There are 2 protein chains.
Amino acid sequence: MVLSGLSPRGDLVRAAVLGLLGTRGASSRADIARMLRVSPATVTQTTKELLQRELITELRSVPSTGGRPAILLGLVRAAGGAIGAKVTADHVAIVSVDLDGTVRTSRSVPFDPSAPAALEALSGILRDAVAAHDGHLLGVGVGLPGAVDAQASGLVDAPTLGWGRLPVGRRLRDALGVPVLVDNDVNTLAAAQIVYGNGREHPSFMVVTIGLGVGCAIVQQGSVSRGAHGGAGEIGHIPVSADGPPCGCGNTGCLEAYVGEAGLVATAARTGAIGQRGTIDTLSRAARAGKPAALEVYRDAGRLLGRTLAGVVHTVDPGLVVLMGEGVRDWEFWETGFEESFRQRLMPARRGIRCLVESWTEDQWAVGAASLVLASPFDAAATGAQGELVRARLQTAPEVDR
Amino acid sequence: MVLSGLSPRGDLVRAAVLGLLGTRGASSRADIARMLRVSPATVTQTTKELLQRELITELRSVPSTGGRPAILLGLVRAAGGAIGAKVTADHVAIVSVDLDGTVRTSRSVPFDPSAPAALEALSGILRDAVAAHDGHLLGVGVGLPGAVDAQASGLVDAPTLGWGRLPVGRRLRDALGVPVLVDNDVNTLAAAQIVYGNGREHPSFMVVTIGLGVGCAIVQQGSVSRGAHGGAGEIGHIPVSADGPPCGCGNTGCLEAYVGEAGLVATAARTGAIGQRGTIDTLSRAARAGKPAALEVYRDAGRLLGRTLAGVVHTVDPGLVVLMGEGVRDWEFWETGFEESFRQRLMPARRGIRCLVESWTEDQWAVGAASLVLASPFDAAATGAQGELVRARLQTAPEVDR
DNA sequence: GCCACTTTGTTCGAGACTAAATTTAGTGAG
DNA sequence: CTCACTAAATTTAGTCTCGAACAAAGTGGC
């Protein structure tokens, strides 16, 4: 039993102010106080110090709305950027982003996670990215398809990569010399939503990804819910039928085995929607061409996803569901089946829940990973020691690094 | 976006020390510091004040274990008790408990939630209980089968009671004049587990109840996860089949429709395990008598529950599952089906999760509700203004009330 | 121009908590 | 008995944040 609501805060507010000005742009002191839920007095104190240290500056005043006009505060210079990397079974996608989330560079490097020295290879790839990064680097965020036990250890269980209890966090930290935050890939998307996306209006929501697999991140009260071993949100392995196709996890009848990429393709091949050697792209094109059998594959997948997600919504009670992942590009084909099944299966009280489909770009996974770093100024509890390092770096003068 | 990890703590520690000494019994300052995760300095300060105010006292020293011997601190007198009430569709169960969880009185009053003045009737019942309470009363906890939007408003949605957006919390507060905490009934069981039960060792766990319905409470990092509208944990309405029996929620094929009490009885009647006018007790007796058809009903229910819970475990990643509710009395009959199905459906990484079956007594629901009050000294964030009132009352000298 | 009102931002004092150093009170080895 | 060691408790000198009162800088009605 821990006294919740009581945790060491360090100088969280200082970092949060800088983070807020970076991610949201110029804001008044009163706005900062409201957004961070701290008292105006604290903001005055904090900004006074940051002004003295010339990390922030007073910009123009904004016209009054009936009271004293607000003075906008802004960062003196780019307070820093972050590197984000998404690890997959065959490549690592890397982006370098600014504090406001704009992507500066984006690239992809082949990667074999099953190689004996995979971790060394990953270190190397990231070391290059760190070296190539221009400007003040706050840290590196890494997202991967698996459970990350605790941020402190960065211990990773990722069956699809063939990684079991691999101390990814610690090893990368040792190799890179900058703060490294590691988390489940879907959780990183949620972190991005918290800082830049729908999380700004919704304290509790869910991110659901469709693509190779099916994933989910649960955000409660503004922070990502990780479960006892960092494995929360594994909805891809919810059993949806008594028997069913085999799944990569070793069981049969998992949701993912039906509506994950491989499952879709297998179903499509079986029903003749695509040929025996067809791929997800073949299926997508067939659907786009209006081929009924292909449309039916997606519609069935939508139904099954809808039914299962209804159960997850009942369990978690999110205020919003955000759909992401490669698969949403074909969402129009999932949608009819999904909506029909999802809404119908929800309890009446939940039936009105909003489902938002985000447009998807290739580097979104990596941007999410970078958001892990950019979100850490706002989340003292979750990010642990590495987050503290990020917060410390946020306050060091950028020019020192240049 | 809120600065998590930063919340007003008020005078949390003082109340938490009193709460800890009440719920755990005498402890040394060092123990208190470790358990509450505050610094020893704080405990020294806090206890000094509480000693001066004669709320606590130094008991004996315990033998040294190689260092300075610890001095046990204890409450000077019973710091107070709480009243817990569980509201059901036909009665209200009420207990009065001491700070250490011992039940002092326990009774049950008929109640009709669908009556026009149901809330007034409930107020009256509780007013009587408050009047009858002997000693210092910290507050009243109320558990009911439904979603409680926010502790602040105490706005209740409880379809099985026929209550929709009913301001139970506010109305009871106005009527009773003592702090009133309202929550979902399963959440109250979780609160009890946090303070007295398995939550002491597990920061993240799940309580699953079987009985009239099927419920679930999710505890993450030591506090109950309530979702966006206080409706988290409604696993009874997870759809488990494409069609299926109708459920009270209006849908068909909900888990509860199969393994809730009514579902079990209906299945049993259909398969001939019991007669057409049989009840859950008939079924239970038939199983106890070894009647194969009855055993099969339970086994099937266990299988379905196991399969569904596997999905919930994948979603939530709890460190432990605690099974409670009236239904666990017959758990021996569920067990074979459950274990087989649950373990098999779990991902290999989760397969080792512990499932604990708590023994069940009739007043446990009400004791849970009372725990809501007794847990509030430890949980600043969740309990809001009412929790603050409880903490304040904890520090007022009991004799003033007598 | 004056006054009521609104909103922003500041000052000040106080409270809660902490880290670090220190004191206290024991154990156990020689 | 003395000395090294350990763990508990305390003291000290802070840091962080807040509430409350107040000052500042506008709007809008008259």
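The chains referred to below are lettered A, B, ... by the order of the sequence lines, with proteins before strands, and numbering in each begins at 1. Quick caveat, the model's predicted, so the values are computed rather than measured.
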I want to check one thing: is the phosphate of C:dT10, taken as OP1 and OP2, less than 4.0 Å away from some side-chain N or O of A:Thr44?
yes

Looking only at C:dT18, D:dC18, C:dG9, the nucleotide nearest the B:Val38 side chain is C:dT18

May I ask you to decide whether B:Arg24 forms a salt bridge with B:Asp31, counting only side-chain N to carboxylate O separations under 4.0 Å?
no

Which comes earlier along DNA chain D counting from the 5' end, the contact point of A:Glu49 or that of B:Ala41, where each point is its nearest nucleotide?
B:Ala41

Got A:Asp100 and A:Thr23 here, is their nearest side-chain heavy-atom distance under 4.5 Å?
no

Nearest to the side chain of A:Arg68 - D:dT17, D:dA9, D:dA23?
D:dA23

Within the 4.0 Å heavy-atom criterion, would you say B:Thr46 contacts the bases, only the backbone, or no part of the nucleic acid?
nothing

Can you check whether B:Lys48 has a side-chain N or O nearer than 4.0 Å to OP1 or OP2 of D:dT11?
yes

Distance, rounded to the nearest Å, where B:Leu72 contributes CG and C:dG26 contributes C1'
15 Å

Does the side chain of A:Arg34 get closer than 4.0 angstrom to OP1 or OP2 of C:dT8 through an N or O atom?
yes

5'-most by nearest nucleotide on DNA chain D - B:Gln45 or B:Ala30:
B:Ala30

Please give, in whole Å, the distance from C:dA16 P to B:Arg37 CZ?
23 Å

What is the distance from CD1 of B:Ile32 to P of C:dC17, rounded to the nearest Å?
14 Å

What is the distance, to the nearest angstrom, from the CG atom on A:Leu50 to the P atom on D:dC16?
12 Å

Contact under 4.0 Å: A:Arg29 side-chain N or O vs C:dT7 OP1/OP2:
no

Short side-chain N/O contact from A:Thr42 to OP1 or OP2 of D:dT17, under 4.0 Å:
no

Assess, by modelled atom type and distance only, whether the side chains of B:Thr47 and B:Arg29 contain a donor and an acceptor separated by less than 3.5 Å.
yes

Do we see a donor-acceptor contact under 3.5 Å between the side chains of B:Asp317 and A:His229?
yes

Winner on side-chain proximity to B:Arg14, out of C:dA19, C:dT11, C:dA16, is C:dA16

With the side chain defined as heavy atoms from C-beta on, A:Pro69 is closest, among D:dA25, C:dT18, D:dC18, to D:dA25

Value in whole Å for how far the C1' atom of D:dC16 lies from CG of A:Leu36:
15 Å

Would a distance-only check, ignoring hydrogens and angles, find a side-chain to backbone donor-acceptor pair under 3.5 Å from B:Gln220 to B:Ser225?
no

